[in-house]
**Student:** 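One structure follows; several queries about it will come next.
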Amino acid sequence: MHQKHHLRVNTDLNELVQVLSWFETFNQPHIPKLVWLQCQTALAEGLTNAIRHAHKHQPLETPIDIEVSSSANALEIRIWDCGPPFDFNAKLEQVDDKVDFDSSSGRGLQILKSVADKLSYSSTEDKRNCLLIVKHYAANEI
């Protein structure tokens, strides 16, 4: 029941509509609705952060790769960017655990931290960075 899907998009915030539409096609009845919505939000935040921060000075054609894996009890989202690496863990430690929904910016990492059961950002051998978001759940009874 393990499924893996891949999508490549450009460094363009307009790609978010396509990405969310693509993600919606993997929604399965065994995934709890709240978990699905949380992962959808995390995907949007992760992609937006890659575009606005990691690819801030990159051309629009710079690719961002997205992979979604689902199993009977977890969703995994990977987002690869080509930006300069940074100390993700140090930045994450500075983030308040409580999401300030009234703030106009800076909520992305708060949201990712509150949604994910596992959250990491690491450099890869091909000089990219990979944001990993893992959310575990108990499958819905069908």
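Everything numeric in this text was worked out from a predicted model, so none of it was measured. Numbers for residues simply follow the sequence, beginning at 1.
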**Student:** For the atom pair CG (L132) and CG (L119), what is the distance rounded to the nearest 0.5 Å?
**Tutor:** 7.5 Å
**Student:** Looking at A138 and P32, what are the two nearest heavy atoms and their distance?
**Tutor:** O-CG, 3.5 Å
**Student:** First locate atom CD1 of I133, then atom CD of Q38, and finally report the distance between them rounded to the nearest 0.5 Å.
**Tutor:** 12.0 Å
**Student:** How many angstroms lie between CD1 in I66 and CG in L47, if you round to the nearest 0.5 Å?
**Tutor:** 5.0 Å
**Student:** Would you say that H5 contacts T25 through its side chain, given a criterion of any heavy-atom pair below 4.5 Å between the two side chains?
**Tutor:** no
**Student:** Calculate, to the nearest 0.5 Å, the distance between atoms CG and CG belonging to D81 and N129 respectively.
**Tutor:** 4.5 Å
**Student:** Got a donor-acceptor contact below 3.5 angstrom from the T11 side chain to the T62 backbone?
**Tutor:** yes
**Student:** Between F86 and L92, is there a shared hydrophobic cluster once you connect ILVMFWY residues whose side-chain heavy atoms come closer than 4.5 Å?
**Tutor:** yes
**Student:** Test your reading of the model: is there a side-chain donor-acceptor pair from H55 to the backbone of C82, 3.5 Å cut-off?
**Tutor:** yes
**Student:** Please report the closest heavy-atom contact between L112 and A42, naming both atoms and the distance.
**Tutor:** CD2-O, 3.4 Å
**Student:** Would you compute the distance between atom OH of Y137 and atom CG of L34 and round it to the nearest 0.5 angstrom?
**Tutor:** 13.0 Å
**Student:** Under the side chain to side chain contact (heavy atoms under 4.5 Å, CB included) rule, what do I51 and D12 come out as? Steps first, then yes or no, please.
**Tutor:** CA-CA 7 Å; I51 292 168; D12 184 348; 5.7 Å; no
**Student:** Let me check something: do W80 and W22 share a hydrophobic cluster, defined by ILVMFWY side-chain heavy atoms less than 4.5 Å apart, either directly or through other members?
**Tutor:** no
**Student:** Report the C-alpha distance between E67 and E76 in whole Å, list the side-chain angles of each, state the deciding distance to 0.1 Å, and finish with yes or no for side chain to side chain contact (heavy atoms under 4.5 Å, CB included).
**Tutor:** CA-CA 8 Å; E67 181 182 278; E76 294 184 10; over 6 Å; no
**Student:** Which heavy-atom pair separates H30 from S71 by the least distance, and what is that distance?
**Tutor:** NE2-O, 3.3 Å
**Student:** Ignoring hydrogens, what is the shortest heavy-atom contact between C130 and T124? Give both atom names and the distance.
**Tutor:** CB-CG2, 4.1 Å
**Student:** Would you confirm whether S21, through its side chain, and V17, through its main-chain N or O, come within 3.5 Å as a donor-acceptor pair?
**Tutor:** no
**Student:** Within this structure, what is the CG-CG distance for the pair L20 and L43, rounded to the nearest 0.5 Å?
**Tutor:** 6.0 Å
**Student:** Kindly indicate, with the supporting measurements, whether the criterion side chain to side chain contact (heavy atoms under 4.5 Å, CB included) is fulfilled by V19 and V9.
**Tutor:** CA-CA 8 Å; V19 169; V9 296; 3.7 Å; yes
**Student:** Does D87 have any side-chain hydrogen bond (donor to acceptor under 3.5 Å, both in side chains) partners at least two apart in sequence or in another chain, and if so, which?
**Tutor:** none
**Student:** Ignoring hydrogens, what is the shortest heavy-atom contact between A74 and H136? Give both atom names and the distance.
**Tutor:** CB-ND1, 3.7 Å
**Student:** Would you say the ring centroid of F26 lies under 6.0 angstrom from that of W36?
**Tutor:** no
**Student:** Taking K135 for the side chain and V115 for the main chain, is one N or O donor matched with an acceptor at less than 3.5 Å?
**Tutor:** yes
**Student:** Shortest non-hydrogen contact from R52 to K56?
**Tutor:** O-CB, 3.5 Å
**Student:** Passes side chain to side chain contact (heavy atoms under 4.5 Å, CB included), F23 versus L7? Steps please.
**Tutor:** CA-CA 10 Å; F23 184 67; L7 179 67; over 6 Å; no
